[in-house]
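Here is the structure we will look at.
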Amino acid sequence: MAREAFFTAVPHPHGVTEITDLSGVHCFLVEGQEKALLIDTMTGLRGLKEFVAGLTDLPVEVALTHGHMDHCGGVYEWESCLIHPLDMPQLQGETLSTRQNYVRGQLELMGARDFPGPEDFVPDGPVECRPLEGGERLDLGGRVLEVLPVPGHTRGSLCYLDPATGDFFAGDACNNNTLLLMDHSATVGEYLDALLKLKERLGEVETFYLFHGPTPVDKSCVEDNIQCCREILAGTDDRIPVAFLGREGYLAKERIPGTIQRKDGKFGNIMYTMDHVR
């Protein structure tokens with residue numbers, strides 16, 4: 001498969017570039033005056049480092065929102081990254097076959113008939129992981145990104161906020177299919193606490209970037225997920241049975257059949273298991 005088709009780039013205001021790979025996952029290049037920050041690296045299709053070099057002349061540092069293979073797969077081209085310590089172990093496993101299967105599965109859902117081969121993926125390798133725990137300020141020269149911890153999807157999930165421009169990079173911390181059913185997910189109660197802290201900063205957020213699907217979205221998705229958490233904890237959510245990644249769980253709010261859109265027209269939603277409630 002032609003590697004020049006692996007990535008596309010869309011420019012946004014304030015020196016932000018949205019990069020999307022074949023599977024539909026996004027990462028974001030944020031440029032300052034002295035260096036650039038690449039937030040996530042998607043699934044590890046070969047050539048991302050070269051592609052990014054064609055977008056900026058600045059030195060590039062990699063920071064991850066969390067350790068899942070569809071967000072950190074390309075980090076092996078850089079061999080170093082900033083990441084929460086709780087998510088570091090996820091980079092040390094064997095992710096290559098999982099990444100390949102993920103991309104193929106997403107392409108099949110899109111109706112594709114041409115797929116990247118094993119040689120088109122960066123192999124697993126050693127990564128120098130430097131810790132971010134939240135509260136840090138990443139100075140890019142002329143702009144500073146604040147690191148905000150939002151444990152939920154993973155216990156080490158991080159978001160990045162530029163208070164000067166209002167750009168907010170959410171990763172998978174809050175979206176229309178927020179998954180709280182992994183072994184390394186936080187509980188719904190812990191997630192609610194994190195969202196309430198995030199809500200205190202929403203006045204500074206102007207552009208809310210998601211890393212899957214259409215982006216940006218309205219920041220009201222945070223309030224949607226706060227309400228989902230409260231209903232789950234009270235036992236008053238829709239509690240729709242679902243199966244995902246071989247696990248049986250529940251969806252907090254009912255969807256329109258055949259879509260991931262909520263029936264009530266709101267956006268945020270949570271998928272969870274009962275052992276991740278409290």
Side-chain angles (χ1 to χ4, degrees), residues 1-12 16-30 36 38-56 60 62-79 81 90-127 153-154 169-172 175-179 182 209-217 242-247 255-261 271:
M1 189 173 188
R3 290 183 182 172
E4 58 266 23
F6 286 177
F7 310 107
T8 58
V10 176
H12 291 279
V16 173
T17 302
E18 171 193 340
I19 303 170
T20 306
D21 77 4
L22 283 177
S23 71
V25 182
H26 314 304
C27 68
F28 292 87
L29 181 68
V30 184
L38 183 65
I39 305 176
D40 285 357
T41 58
M42 304 177 295
T43 59
L45 286 162
R46 284 189 185 273
L48 179 60
K49 189 173 184 178
E50 181 180 0
F51 185 83
V52 170
L55 299 174
T56 182
V60 176
V62 172
L64 299 180
T65 60
H66 61 296
H68 283 162
M69 56 83 199
D70 55 328
H71 292 257
C72 68
V75 76
Y76 303 106
E77 285 193 313
W78 276 268
E79 300 179 344
C81 67
Q90 297 176 48
L91 270 66
Q92 311 307 322
E94 295 296 326
T95 70
L96 180 56
S97 62
T98 306
R99 291 187 279 120
Q100 292 171 336
N101 292 336
Y102 177 86
V103 171
R104 185 179 184 91
Q106 293 301 111
L107 288 172
E108 287 175 345
L109 288 174
M110 299 175 196
R113 296 186 178 183
D114 189 17
F115 306 98
E119 70 283 357
D120 293 321
F121 288 84
V122 182
D124 301 323
V127 179
H153 180 53
T154 69
F169 304 92
D172 285 353
N175 56 40
N176 60 348
N177 191 40
T178 309
L179 303 176
M182 314 295 191
Y209 289 108
L210 293 186
F211 288 52
H212 295 273
T215 190
V217 300
V242 290
F244 186 82
L245 296 176
R247 295 174 181 243
R255 291 172 173 163
I256 298 172
T259 77
I260 59 172
Q261 299 174 1
M271 193 178 294

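In this chain, residues are counted from 1 in sequence order.
Partners of A53 under the side-chain contact (heavy atoms from CB on, under 4.5 Å) rule, at least two apart in sequence or in another chain, do not exist in this structure. Every side-chain hydrogen bond (donor to acceptor under 3.5 Å, both in side chains) that D21 has, sequence neighbours left out, goes to S23, T43. Under the side-chain contact (heavy atoms from CB on, under 4.5 Å) criterion, E79 pairs with no residue at all, not counting sequence neighbours. N177 meets the side-chain hydrogen bond (donor to acceptor under 3.5 Å, both in side chains) test with R255; sequence neighbours excluded. Taking H26 as the reference, nothing meets the ring pair (Phe, Tyr, Trp, His ring centres under 6.0 Å) condition, with sequence neighbours excluded. Applying the ring pair (Phe, Tyr, Trp, His ring centres under 6.0 Å) test to Y76 and every residue at least two apart in sequence or in another chain returns nothing. Applying the side-chain hydrogen bond (donor to acceptor under 3.5 Å, both in side chains) criterion to D70, with sequence neighbours excluded, gives H212. Qualifying ring pair (Phe, Tyr, Trp, His ring centres under 6.0 Å) partners for Y102, counting only residues two or more places apart in sequence or in other chains: none. Remark: Q90 pairs with D87 by the side-chain hydrogen bond (donor to acceptor under 3.5 Å, both in side chains) rule, at least two apart or across chains. With sequence neighbours excluded, no residue satisfies salt bridge (charged side-chain N to carboxylate O under 4.0 Å, His left out) with E50.
Proximity of a side-chain donor or acceptor of E77 to a complementary backbone N or O of L48 within less than 3.5 Å is detected. The backbone N or O of G171 lies less than 3.5 Å from no partner atom in the side chain of D40, so there is not a single donor-acceptor pair. Proximity of a side-chain donor or acceptor of R247 to a complementary backbone N or O of M182 within less than 3.5 Å is not detected.
Between F7 and L45 the shortest heavy-atom distance is CZ-O, 3.4 Å. A pairwise comparison of heavy atoms in G67 and C72 identifies O-SG, 3.3 Å as the closest pair. Between V75 and C81, the shortest heavy-atom distance links the atoms CG2-CB, 3.5 Å. Scanning all heavy atoms of the two residues, the minimum distance from L210 to A170 falls at CD2-CB, 4.2 Å. Nearest heavy atoms, F6 versus P116: CZ-CB, 4.2 Å. Closest of all the heavy-atom pairs between R99 and F121 is O-CE2, 4.0 Å.
To the nearest 0.5 angstrom, Q106 atom CD is 11.5 Å from F115 atom CZ. Note that CE of M69 and CG of L96 are 11.5 Å apart. Values are rounded to the nearest 0.5 Å. Note that CG of N101 and OG1 of T95 are 11.5 Å apart. Values are rounded to the nearest 0.5 Å. One distance of note links NE2 of H68 with CZ of F211; it measures 14.5 Å at 0.5 Å rounding.
Residues D172 and H71 have side chains that bring a donor and an acceptor to within less than 3.5 angstrom of each other.
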inquiry  = Between N176 and V217, is the side chain to side chain contact (heavy atoms under 4.5 Å, CB included) condition met? List the steps.
reply    = CA-CA 10 Å; N176 60 348; V217 300; over 6 Å; no

request  = Could you give me the CA-CA distance, side-chain angles and deciding distance for V52 and I19, then say whether side chain to side chain contact (heavy atoms under 4.5 Å, CB included) is met?
outcome  = CA-CA 9 Å; V52 170; I19 303 170; 3.9 Å; yes

task = Starting from the C-alpha separation in whole Å, work towards a yes-or-no answer on side chain to side chain contact (heavy atoms under 4.5 Å, CB included) for R46 and D120.
result = CA-CA 6 Å; R46 284 189 185 273; D120 293 321; 5.5 Å; no

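Ring orientation note: the planes of Y209 and H12 are nearly perpendicular, at an angle over 60° on the 30°/60° scale. Relative ring orientation between F169 and F28 is described as tilted, the plane-to-plane angle lying within the 30° to 60° band.
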